[in-house]
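Each remark here refers to the structure printed beneath this line.
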Amino acid sequence: MPDPVRITFLGGLGEIGRNCAAFEQDGRILLLDCGLMFPDAEMLGIDLVLPDFTWLRENASRIEGCIVTHGHEDHVGGLSFLLRDLKFPIYGSALTLGLARSRIEEAGLLGRTELITVVDGERRRIGSFDCEFIAVTHSVPHGFATAFHTPQGVILHSGDFKLDLTPVDDRITDLARIGRIADEHGIRLLLSDSTNAEEPGHTPSERSVGHVLRNLFRDNEGKRIIAACFASHIHRIQQIAEAALATDRTVATLGRSMAKNVGLARQMGLLHIPDNRLVDIERLDDLDPAKVLVLSTGSQGEPMSALALMAAGENKWLKIGEGDVVILSSHAIPGNEHSVNKVIDGLCRLGADVVHSGLAAVHVTGHAMQGELKTLLSIARPEFFVPVHGEFRHLSHHARLAMEMGVPQRNVLLAEDGDVIEIGDGGIEFCDNVPAGYLYVDGIVGDVGHGVLRDRRVLAEEGVVVVVVTVDSQSGQLLTRPEFITRGWVHGPEAEGLIEEGRDRVQEEVEKAVADGAGTDFDTLKRHVRGAAGQFVSERTRRRPMIVPVVMEA
Ligand SMILES: [Zn+2]
Ligand SMILES: [Zn+2]
C-alpha cells in the first residue's frame, strides 16, 4: 500500500493573502507558494504579515524546494523572509521568478536559492515529487496550476486562475490537459481558488477592458492621461499602452515597481511598447501633455506611492491640475477601500477627471467566479475537494459549489490555516495541526507579536501615563513627590489639576505600602504605584491609558 500524502496549510485558508502550502511525500516536503499579506488598519505600524514559519524551520532538512504558481506578492512575497533561515531552490515560470527575484535580491539572499525555470506543460521530478505545470490565465501572465502525480493519485492545485477564452496573450487555462488527466488517471483531490466563490456568473475577458480603455482615450484626446494599475498586471499595461499608442501618445512610467516590471516584461518579450514611444519621466515637462500617457503605481492607494503623492500634490514629477484625466484600472483589495477613496478625493480636489471601476468597466477580476469554478469542477471531476485561497466565507461557499457539482459532502474538507490533511488509501482526513498564526513584520524585524500590537492599540486609543517614584534604596521611603508624564491621555490645561491630584494619590499609596512593610521590595512598590494610578485615572476620566510605573532607587 502506498504511503499517504500530507498537505499542511500555512496560510491563505481563512484570509486573502500569505498563501503557503506544504506537500509531503516519502518524508520530503515541497512548498507551493510562500506569500505575504498586507496589514489591515487594526495592525498599527505593521508593514506586512507572513505565514508562521516555525514548522518549516523545524523541518528544514526535509524541504526539497518551493514551487511558485505566479508572481503576485501574496504568493511570492514571503520568500525573502523564509530564505533567511532556510536554503532551497524555487521553481516557476520565467516571469514569476523574475518578479519574485527582486525582493530576494534586495534582501541579499540570492545565494541561498536557485531559481529554476519551468515551462507550460512541463512535467518534472523535484526530489521524489512528480509535478506537472499547467497553464492558467490570471491577472499576471504565466501562472500555473500544479498537478502532483503522487502514489495516492493526482492532486491538482488550481493556483489563482480564471477562465478567459480571449486573454491578451492567447494563453488560455489549459482545461484540455486537466480533462485528459481526469480521463487517464482520475483526479483524486482538487484544491481550488475560492477568492470569487461568492460571485455568480463568469468573469469578463481581460480584452473587454481594452475596448473600454480605447474609447476612453479617444474621448479624452487633447488631455493628459494618467493611468494606474498593478505593476505586475502586464496585460493591463499592454492594453493601456496600446490605447495610448493608438491615440498618438508617448508612454512614461512613474513609480519604481512600474519602471522595473515594464523593463522586465519588455525584455522577456511579454510587453510590446516600441523604444521610441517610451520616454523617461524626467522628460515629462518637455512633452505636449495631450500626447503623453503616464503609467503609474499606487492603484491601491498605498500611502507613499506615486499616485498618492500626486493626489496630495507632492509628486516630484507630476502636478495634477484641471484637465488631467486619471484612470484607476483596478479594484480596491478589501481593506484598501479607504486609502483608495482618499486618493480619488485628492485627485478630484486638484481638478482631475477621475475614472474608476465604479464608473466605467476599466477593470476585470483575475479570479474565477462561480460559473468558472463549476466548469473546473466538472472537468476535473475530483474524488475529494478542498477549497483554498479565501476567507472562511469564500471557502465555505466554494465547498457548497463542489457539492452542487456532485462531490459528496463527506469528500469535501473545509480546512483552515494550520490544518494538516492526509490522503491515503482510505480517503482524506485531518491528521494534525501546526502553528499558523500571523507573523507580523515591522521594518525588517519579524515576529512583532500580539503583545506588541495590543500595546500599540492601547497607546493609540487611550494614551499612556508614566508614573515615576524615587525612593531611598535602604528604607523605601519616598525621596520626592511622584512624577506623572502623560501622552495622549488628557488635554494639557485640563490635565494640570488632575495630575496634581494623581501625584497625591500615588504618594499616599506608597507611604502606606512602606508603612505596611513593603520597604525595599520594589516589585511590590511598583504594583502599588500601578494600582493607585490606574484606579485614579479610571475614576476621574473613565479612560484606560497604559499605566507604566517606574520605581527609581537613590
Ligand atoms: Zn494572484
Ligand atoms: Zn492570490
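For ligands, and for the atoms within them, numbers begin at 1 and follow the listed sequence.
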With carbon and hydrogen excluded and only N/O/S kept, which atom of [X] is nearest the Zn ion (ligand 1)?
| X | answer |
| --- | --- |
| Asp160 | OD2 |
| His72 | ND1 |
| His138 | NE2 |

Would you please classify the geometry between the Phe148 ring and the Phe23 ring as parallel, tilted or perpendicular, with 30° and 60° separating the classes? parallel
Between Asp74 atom OD2 and His75 atom NE2, the angle centred on the Zn ion (ligand 2) rounds (to 10°) to 100°
Compare all side-chain heavy atoms of Arg381 with those of Ile187 and state whether any distance is below 4.5 angstrom. no
Examine distances only and state if a side-chain atom of [X] and a backbone atom of [Y] form a donor-acceptor pair shorter than 3.5 Å.
| X | Y | value |
| --- | --- | --- |
| Arg456 | Leu44 | yes |
| Arg112 | Leu83 | yes |
| Asp417 | Leu13 | yes |

I'd like to know: is the Zn ion (ligand 1) within the 2.8 Å range of an N/O/S atom from His70, strictly under that distance? yes
